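To find a chain, count down the sequence lines: A is the first, B the second, and so on, and within it residues start at 1. Here the structure is a predicted model, which is why all the values come from computation and not from measurement.
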Amino acid sequence: MVFIAAFLAPALVLYGVFILYAIANSIRFSLYNWTGLGDLGAFVGLANYEFVLWSGSLSSQFWVALGHNFYFFAITLALISVGGLAVAFALTLVRESKAQIYKTIFFIPMVIPPIVVAYLWGMYLDPNSGALSVILRSLHLTMINLPYLGLQATALPTIAVITVWSSLGLYIFIFIPAINNVPAEIIEAAKVDGAGAVRTFFSIVFPNILPTYITVTALVFVAAFGAFDLIYILEGPGAGPDFSTDTIATLFFRSAFGSTQGGASTGMSLAAAMAILGFIVVIGVSAILIALQRRAARQAGEVR
Amino acid sequence: MKSVTIVKRSTLLPHLLLGFYALVVIVPVLNMVLMSFKSYAEILRFPLGLPSRWHWENYLSAWTKGNLGQLLANTLLVGLASTALVLVCGSMAAYVIARFAFRGNQPIYLTFMAGMALPVQMLAIPMFVVMRQLSLIDNLLSLILAYSAAGLAFSVFLLVNFVRSIPRELDEAAYIDGAGPGAIFVQIILPLLRPALTTVGVFQFVAAWNGFFFPLVFIQDPEHMTVTVGVLSFVGQYGTEWDLLLPALVIVMIPTILVFVFASKQFTRNIAAGAVKM
């Protein structure tokens, strides 16, 4: 027993102080009217939650940001579903030695720091001197030579596409073993029946990897709710243009730590309430997805 | 004859798709490396293709002007220390969670697992308060602790699954030979855990090296900054010094790419295996 405690202690202390205690403290701070310095101030109960959700200018910002998170999730999930599954399926069709080379290439963007990814694409997408603009002008396509990161309608989708570019490798690697685990006999049977690769994929492979697909959906959702780095670097703490790329994380950062570009700090307590509301959404949706995943896994097991 | 045409049809299309995607991934990165050797004017006028003259001095000026040596040393310290911390704490915890039935075993495991679903940066306020109480603001230790704690969720989850896949008979044989749990952990579990430890180590190092949020919040002093936030000094109020920023960015991404390429074989097998078990 002493031994078990001794082995668990280092991880539990680290995780306990900086994650669990931090969650507890977030809840505590959210119940007071705290500016970030000095003592906690007056206990206000759930007033901060009420303020974030229903009243004042902050609530509209909160709902808009939450909507952006779901929009961001929808775009990234759509692109990852189509691109990730297509690339993963294609990888299972080519010879192993060649697949290995492709895989190494595909994974590289995953380990490139967000600061590099952001400036790389920010630079290419510059409407005056960027590579995209040079290409479009030489093709006489000046009509679509737009400041994609500078327009309200296109900024968030553009950042979503950049996010997918940098993270698709991870999802490809999760899809591959799932596709490989589909029993070879049923794929063979489909081929004998004359089904092509595309047909085989939709009628045999996809139903069989549904549990893994739901797992990926959950991972993409959690990532979409944490979206911060690229938005902050490319659009500033104000999540411009005109807050059109504001997410829960950027709104939280602005509220908690303030900034001259994005309006005044709204205070630690409101930001803490916002964080807790964000956690409730993430944990709730993740729990639903995990339940769906379990059910799909059971059904896939029964079919086999 | 017919089977030959089927084989051809079924690999041409995949190769076209894979080749195209490989270009989408690699061309922007290689072009950025080429751009980092161009003069400021050429970067803005000719963003594509080879530099007309190779400006190696871009790298030298970026290194000295950006204080890159100091920034890289700070980042390396954070990356290595948090990786070591996660590997030691994570493997010890994973071993007892996977192998011993004690009260609280399952809740502890689930608590670590739940951490994977949290956007950790939203805990920045209480973390900032704790760091201030420990006088760790503007201290690299704050980053080491924050990234280690954040990385434990995934690491414990993955390592528990790997310890479970190690046959119990190995432990039991050693136990009969008189080995205690500590000796079994060091002599039997750890060596067999090496592929999983590589995966966790690479993940942790990359996460800590690439990390942008915690240095942004915990560090103000440029002497204690990490490189991912530190390179922002090239982004001035009146425009970006591209001929300095680009070499700096190339230098920032080289270590993680090297770490990945060295570990890639084990690494790619293991994350897939871990995720499927989820």
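- Ring pair A:Phe257/A:Phe253 is tilted by interplanar angle, where 30° to 60° counts as tilted.
- Atom CG of residue A:Leu219 and atom CZ of residue A:Phe221 lie 12.0 Å apart, to the nearest 0.5 angstrom.
- The structure places CH2 of A:Trp34 at 13.0 Å from CG of A:Leu270, a figure rounded to the nearest 0.5 Å.
- The contact between B:Phe100 and chain A is made entirely by side chain atoms (from C-beta outward), counting heavy-atom distances below 4.5 Å.
- Contact annotation: the side chain of B:Tyr147 never approaches that of B:Leu85 to less than 4.5 Å [non-hydrogen atoms, C-beta and beyond].
- Within the 4.5 Å cutoff, the side chain of A:Phe279 has no heavy atoms near those of the A:Met274 side chain.
- With a threshold of 4.5 angstrom between heavy atoms, A:Leu20 approaches chain B through side-chain atoms but not through N, CA, C or O.
- Contact of B:Val252 with chain A is made through backbone and side chain together, with heavy-atom distances under 4.5 Å.
- Using a 4.5 Å cut-off between heavy atoms, B:Ala22 touches chain A through backbone and side chain atoms alike.
- For a residue to count as touching a neighbouring chain, one of its non-hydrogen atoms must lie under 4.5 Å from one of that chain's; by this rule A:Tyr124 touches chain B with the side chain only.
- When B:Val88, B:Leu118, B:Ile26 are compared by the number of non-hydrogen pairs under 4.5 Å with chain A, B:Leu118 comes out ahead.
- The distance from the CD1 atom of A:Ile276 to the CG atom of B:Leu123 is 7.5 Å, given to the nearest 0.5 Å.
- Heavy atoms of A:Phe18 lying under 4.5 Å from chain B belong to its backbone as well as its side chain.
- Atom CG in A:Leu14 sits 6.0 Å away from atom CG in B:Leu145 (nearest 0.5 Å).
- Here the CD1-CG distance, from B:Ile43 to B:Leu34, works out to 11.5 Å after rounding to the nearest 0.5 Å.
- The backbone N or O of A:Val111 lies less than 3.5 Å from a partner atom in the side chain of B:Asn210, making a donor-acceptor pair.
- Counting heavy atoms from C-beta outward, A:Leu91 and A:Lys103 have side chains that approach closer than 4.5 Å.
- With a 4.5 Å cut-off on non-hydrogen atoms, A:Ala86 touches chain B through its backbone and its side chain both.
- Only the side chain of A:Val282 comes within contact range of chain B, with heavy atoms under 4.5 Å apart.
- At a 4.5 Å heavy-atom cutoff, B:Ser91 makes no contact with chain A through either its backbone or its side chain.
- None of B:Val227, B:Leu245, B:Leu232 except one satisfies the side chain to side chain contact (heavy atoms under 4.5 Å, CB included) rule with A:Ile115; the exception is B:Leu232.
- Most heavy-atom pairs under 4.5 Å with chain B: of the set A:Val117, A:Leu120, A:Val13, A:Asn25, this distinction falls to A:Leu120.
- Using a 4.5 Å cut-off between heavy atoms, B:Val25 touches chain A through backbone and side chain atoms alike.
- Listed options B:Val120, B:Leu18, B:Ile125, B:Leu48 were ranked by heavy-atom pairs under 4.5 angstrom with chain A; first place goes to B:Leu18.
- Among A:Phe228, A:Phe175, A:Phe29, A:Phe225, the residue with the largest count of heavy-atom pairs under 4.5 Å with chain B is A:Phe228.
- For A:Ser286, the part sitting under 4.5 Å from any heavy atom of chain B is the side chain, from C-beta outward, and nothing else.
- Proximity to chain A is limited to the side chain of B:Val217, based on heavy atoms less than 4.5 angstrom apart.
- Neither the backbone nor the side chain of A:Ile214 comes within contact range of chain B, judged by heavy atoms closer than 4.5 Å.
- Contacts with chain A were tallied for B:Val86, B:Leu216, B:Leu16; B:Leu216 has the most, counting heavy-atom pairs under 4.5 Å.
- Between B:Phe154 and B:Phe112, the ring centre distance reaches or exceeds 6.0 Å.
- Contact annotation for A:Val134: only side-chain heavy atoms (C-beta onward) come within less than 4.5 Å of a heavy atom of chain B.
- Contact count against chain B (heavy-atom pairs under 4.5 Å) is highest for A:Ile233 among A:Ile101, A:Ile233, A:Val216.
- Taking a 6.0 Å sphere around CZ of A:Arg137, one finds it holds more than 12 heavy atoms contributed by other residues, nucleotides or ligands.
- Per-residue counts of heavy-atom pairs under 4.5 Å with chain B were compared for A:Ala249, A:Ala275, A:Pro113, A:Ser129; the largest is that of A:Pro113.
- Of the inter-residue distances, the one linking B:Thr226 atom OG1 with B:Phe218 atom CZ reads 12.0 Å to the nearest 0.5 angstrom.
- A:Tyr232 touches chain B through its side chain: at least one heavy atom from C-beta onward sits under 4.5 Å away, while N, CA, C and O do not.
- B:Ala153 touches chain A through backbone and side chain together, each having a heavy atom under 4.5 Å away.
- At a 4.5 Å heavy-atom cutoff, the contact between A:Ile248 and chain B is made by backbone and side-chain atoms alike.
- Heavy atoms closer than 4.5 Å to chain A are found in the side chain of B:Leu17, but not in its backbone.
- Across B:Arg99, B:Arg45, B:Met127, the residue that shares the most heavy-atom pairs under 4.5 angstrom with chain A is B:Met127.
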**Report entry** Chi angles and distances behind the side-chain hydrogen bond (donor to acceptor under 3.5 Å, both in side chains) call for A:Thr250, A:Arg254
**Finding:** CA-CA 6 Å; A:Thr250 52; A:Arg254 223 167 40 242; 4.6 Å; no

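- Residue contact with chain B, scored on non-hydrogen atoms closer than 4.5 Å, involves the side chain of A:Ile283 exclusively.
- Aromatic ring centres of A:Phe7 and B:Phe185 lie closer together than 6.0 Å.
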